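Below is one structure, written out as structure tokens, with a few remarks after it.
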Amino acid sequence: MKNNHITWFGRYEGYLRTIARGVRDNNPKCIECAAKLFDLMLPEGARVIPMPGHHGRACQMLSVVRSLVERRSDIAAYDILKCDPHTANYIQKKYTTPEPIKMRLSTEINFNGVGVFILDNVVCTGVTASAALKVLPDATVVALAMSSWR
């Protein structure tokens with residue numbers, strides 16, 4: 001499925017929910033499953049960027065990206081997207097209105113028209129995905145799952 005610059009494998013339920021939560025919890029089997037699913041979703045020669053977590057840098061998604069790159073030698077990874085630490089968006093969604101996130105690049109890179117994909121485990125509120133697309137407007141956010149937010 002696709003909505004503007006956000007693409008997802010399926011709804012945040014069933015096995016995708018289990019995998020997305022497992023990625024968040026740093027479960028090695030779920031990280032490998034996520035890498036396999038992203039493998040199916042990405043075109044040849046893709047340039048991928050792991051989405052940073054609420055602590056400001058990519059950790060769990062970086063593990064998925066590393067596993068993906070091991071599977072696919074045609075994919076290049078760039079851990080360049082950062083943000084200020086903040087309360088996790090899914091927690092903000094439960095208790096308050098999510099606050100804007102300011103993303104930034106740790107280094108400037110010219111991708112020369114090659115497809116750039118920002119990988120995330122789940123799009124819950126859309127706040128993180130929107131912030132990432134402000135920094136990289138030609139990129140596509142690719143998530144394993146889309147929450148009921150959409």
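Computed from a predicted structure; not experimentally measured. All heavy atoms count here, side chains included; hydrogens, waters and symmetry mates do not.
- Atom NZ of residue Lys82 and atom CD1 of residue Ile80 lie 8.5 Å apart, to the nearest 0.5 angstrom.
- Looking only at side-chain heavy atoms (C-beta outward), Phe9 and Leu16 come within less than 4.5 Å of each other.
- Sorted by first and then second residue, the ring-ring contact (aromatic ring centres under 6.0 Å, His included) pairs involving residues 110-140 (not counting sequence neighbours) are Tyr78-Phe111.
- With a 4.5 Å cut-off on side-chain heavy atoms, Arg71 and Lys36 count as touching.
- Under the 4.5 Å side-chain criterion, counting only non-hydrogen atoms from C-beta, Val123 is in contact with Ile6.
- Partners of Glu70 according to the salt bridge (charged side-chain N to carboxylate O under 4.0 Å, His left out) rule, which considers only residues two or more places apart in sequence or in another chain, do not exist here.
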| request: Decide side chain to side chain contact (heavy atoms under 4.5 Å, CB included) for Thr7 and Val141; before the verdict, give the C-alpha distance in whole Å, the side-chain angles of both, and the deciding distance to 0.1 Å. | output: CA-CA 6 Å; Thr7 300; Val141 173; over 6 Å; no
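- Of the possible donor and acceptor atoms, one in the side chain of Asn27 sits under 3.5 Å from a partner among the backbone N and O of Lys29.
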| query | Could you walk me through whether Leu81 and Met51 pass the side chain to side chain contact (heavy atoms under 4.5 Å, CB included) check? | reply | CA-CA 7 Å; Leu81 196 55; Met51 184 71 81; 4.2 Å; yes
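- Atom OH in Tyr15 sits 9.5 Å away from atom CG in Leu144 (nearest 0.5 Å).
- Separation of atoms OG1 (Thr140) and CD1 (Ile118) is listed at 8.0 Å; rounding is to 0.5 Å.
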Expected list for residues 59-69: side-chain donor-acceptor pairs under 3.5 angstrom, two or more places apart:
residue	atom	partner	partner atom	Å
Gln60	NE2	Arg24	O	3.2
Ser63	OG	Cys59	O	3.4
Ser67	OG	Glu32	OE1	2.8

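- When all heavy atoms are compared, the tightest approach of Trp8 to Met41 is C-CE, 3.8 Å.
- Under the 3.5 Å distance criterion, the side-chain polar atoms of His5 are matched with a main-chain donor or acceptor of Ala139.
- When all heavy atoms are compared, the tightest approach of Tyr12 to Val122 is CD1-CG2, 3.5 Å.
- In this structure, the side chains of Asp84 and Ile101 stay at 4.5 Å or more apart for every pair of heavy atoms.
- The closest side-chain heavy-atom distance from Met103 to Cys83 is below 4.5 Å.
- For Arg47, there are no salt bridge (charged side-chain N to carboxylate O under 4.0 Å, His left out) partners, not counting sequence neighbours.
- With sequence neighbours excluded, the residues that form a side-chain hydrogen bond (donor to acceptor under 3.5 Å, both in side chains) with Asn110 are Asn112.
- When every heavy atom of Leu42 is checked against every heavy atom of Ala46, the shortest pair comes out as CB-CB, 4.3 Å.
- Scored by the salt bridge (charged side-chain N to carboxylate O under 4.0 Å, His left out) test, Asp74 finds Arg72 as partners (sequence neighbours excluded).
- Looking at Ile19 and Asn121, their side chains never come closer than 4.5 Å, going by heavy atoms from C-beta outward.
- Residues Asp79 and Pro50 meet the side-chain proximity criterion, which asks for heavy atoms closer than 4.5 Å.
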